[in-house]
2 protein chains.
Amino acid sequence: MKRSSAFDLESFLPYRLSVTTNRVSRAFAAHYQQEFGIAIPEWRVIAVLGAFAPLSSNGICERTAMDKAKVSRAVASLLERGLIAREAHATDQRLIQLTLSGPGRKIYESIIPRARAIEAEVTRGLSKADVAHLHRMLDRIGARLDAIELD
Amino acid sequence: MKRSSAFDLESFLPYRLSVTTNRVSRAFAAHYQQEFGIAIPEWRVIAVLGAFAPLSSNGICERTAMDKAKVSRAVASLLERGLIAREAHATDQRLIQLTLSGPGRKIYESIIPRARAIEAEVTRGLSKADVAHLHRMLDRIGARLDAIELD
DNA sequence: TGACATTCGTTTCATTTGAAACGATCTTAG
DNA sequence: CTAAGATCGTTTCAAATGAAACGAATGTCA
């Protein structure tokens, strides 16, 4: 009956983040997978390429926080399906310049409105100010993680 | 060069949540694993048992949002190591009452301060009000997901 | 009571994951 | 120039994952 340390998992932020994020990801995955045959890692690659192409695999790693093996597999799968294109870097042969192909861009542009719609649905109940605040907090947490990971 | 749809992944909430959460989880996993030989699913089981024991496996599923296979494996591993104890339910033989053992509770109590410390480090730069606000927003997002998942 | 459905927890199986090894390319130092 | 080391992306391999099948126990309904 001793309750020497009142630790409540429900108010433990890393846990809360993990549960909520996994649920959000699952909600998205269902849509992507079902409507476009695209898994989450692949969608992430398409998304960063749509915004920042050309990128190397390594650049995609940095932008998505996925490890390089995962990126490599997602890229391979997208190449197979002709949704992205690769091109050798002019001076550094190790780098591979990746861009969206025509069909890839089409998918990118048709997914965006849907992604935004799901996002809106998930954040309904939050004001614009709330969402902005949330982003700022994620920024700060990210900055702290930068610092921690350097140790 | 066309930028017909200005979609910025960096301001796309599901993506931001995912990246940040994965980084936080990794930071925690490193500590748990290294100092206590405990993986994240196991730590979650210990955490809910510390707070809400006795619980059945199913009760743990609900509290942690982990699927039952994962819980089953984490429970098996903790039982092997004597960190939790099982006992048959009085009237429903399908249910298994799980509690922390003595050693399990010791680990629970020694992990908590450390978990709190890491949490504090990650959220340094956020005020108490910020953190409270963050929790409220996660609550609301969770409620939206409840609604969406019912469709 | 007996048949049927449901719930609980485990196990199986195919897939996903990430750490580490790897070959290839580039950089740096001598 | 050459040797040693760093970086890039792929691949290998063992572990983690989750959907589904499963046996056991309980609940429901006629």
Side-chain angles (χ1 to χ4, degrees), chain A residues 18-19 21-23 25-30 32-34 37-45 48-49 54-80 84-99 149, chain B residues 18-19 21-30 32-34 37-45 48-49 53-80 84-99 149:
Chain A
S18 173
V19 169
T21 298
N22 286 340
R23 291 182 70 193
S25 288
R26 250 176 265 147
F28 270 82
Y32 296 158
Q33 191 65 269
Q34 181 179 324
I38 287 178
I40 288 188
E42 293 158 14
W43 151 244
R44 292 210 179 123
V45 169
V48 292
L49 285 182
L55 284 176
S56 66
S57 286
N58 209 21
I60 295 174
C61 288
E62 288 166 13
R63 295 248 179 217
T64 59
M66 298 195 288
D67 67 274
K68 60 185 182 175
K70 206 184 220 174
V71 168
S72 175
R73 288 185 270 248
V75 164
S77 155
L78 292 170
L79 280 170
E80 254 177 45
I84 63 178
R86 62 190 290 167
E87 189 178 338
H89 188 281
T91 68
D92 189 338
Q93 309 268 1
R94 292 170 309 179
L95 298 176
I96 298 173
Q97 303 277 40
L98 297 166
T99 54
E149 286 165 4
Chain B
S18 173
V19 169
T21 298
N22 286 341
R23 292 182 69 192
V24 170
S25 288
R26 250 176 265 147
F28 269 82
Y32 295 158
Q33 192 64 267
Q34 179 180 324
I38 287 178
I40 287 186
E42 292 158 16
W43 151 243
R44 290 207 181 131
V45 169
V48 291
L49 285 181
L55 283 176
S56 67
S57 286
N58 208 22
I60 295 174
C61 288
E62 288 167 13
R63 295 246 180 219
T64 60
M66 298 195 288
D67 67 272
K68 60 185 182 175
K70 205 185 223 176
V71 168
S72 175
R73 289 185 270 249
V75 164
S77 157
L78 292 170
L79 279 170
E80 254 178 45
I84 64 179
R86 62 189 292 167
E87 189 179 337
H89 188 281
T91 67
D92 188 339
Q93 309 267 2
R94 295 170 307 179
L95 298 176
I96 298 172
Q97 303 277 40
L98 297 166
T99 53
E149 285 165 5

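Throughout, protein chains are lettered first and strands after them, A, B, ... in sequence-line order, and every chain is numbered starting at 1.
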Return the value, rounded to whole Å, for the distance between atom CD1 of Ile84(A) and atom P of dG9(D).
12 Å
5′-ward residue of the pair Asp67(B)/Leu79(A) relative to DNA chain D
Leu79(A)
From CZ of Arg44(B) across to P of dA16(D) the rounded distance in Å is 15 Å
Ignoring hydrogens and angles, tell me if any N or O in the side chain of Ser72(A) forms a donor-acceptor pair with the backbone of Lys68(A) under 3.5 Å.
no
Within the side chain of Ser25(A), is there an N or O that forms a donor-acceptor pair under 3.5 Å with the backbone of Thr21(A)?
yes
Please name the pair of heavy atoms, one in Glu42(B) and one in Leu78(B), separated by the smallest distance, quoted to 0.1 Å.
O-CD1, 3.8 Å
Where along residues 85-96 of chain A does a heavy atom fall under 4.0 Å from DNA chain C?
Thr91(A), Asp92(A), Gln93(A), Arg94(A)
Which whole-number value in Å describes the distance from Ile40(B) CD1 to dG18(C) C1'?
14 Å
Is there a side-chain contact between Ser18(B) and Asn22(B) in this structure, where contact means two heavy atoms from C-beta onward sitting under 4.5 Å apart?
yes
May I have the step-by-step check of side chain to side chain contact (heavy atoms under 4.5 Å, CB included) for Asn58(A) and Cys61(A), ending in yes or no?
CA-CA 5 Å; Asn58(A) 209 21; Cys61(A) 288; 4.2 Å; yes
Check the distance between dA25(D)'s C1' and Asn58(B)'s CG and give it to me in whole angstrom.
14 Å
As a quick check of understanding, evaluate side chain to side chain contact (heavy atoms under 4.5 Å, CB included) for Ser56(A) and His89(A), giving each step before the final call.
CA-CA 9 Å; Ser56(A) 66; His89(A) 188 281; over 6 Å; no
Lys68(A) has an atom NZ; how far is it from atom C1' of dT7(D), in whole Å?
8 Å
Given dG18(C), is OP1 or OP2 found less than 4.0 Å from the side-chain N or O atoms of Lys70(A)?
yes
note: Arg73(B), atom CZ; dT12(C), atom C1'; distance rounded to Å ~ 10 Å
Rounded distance in Å - CD (Gln97(A)) to P (dG9(D))
10 Å
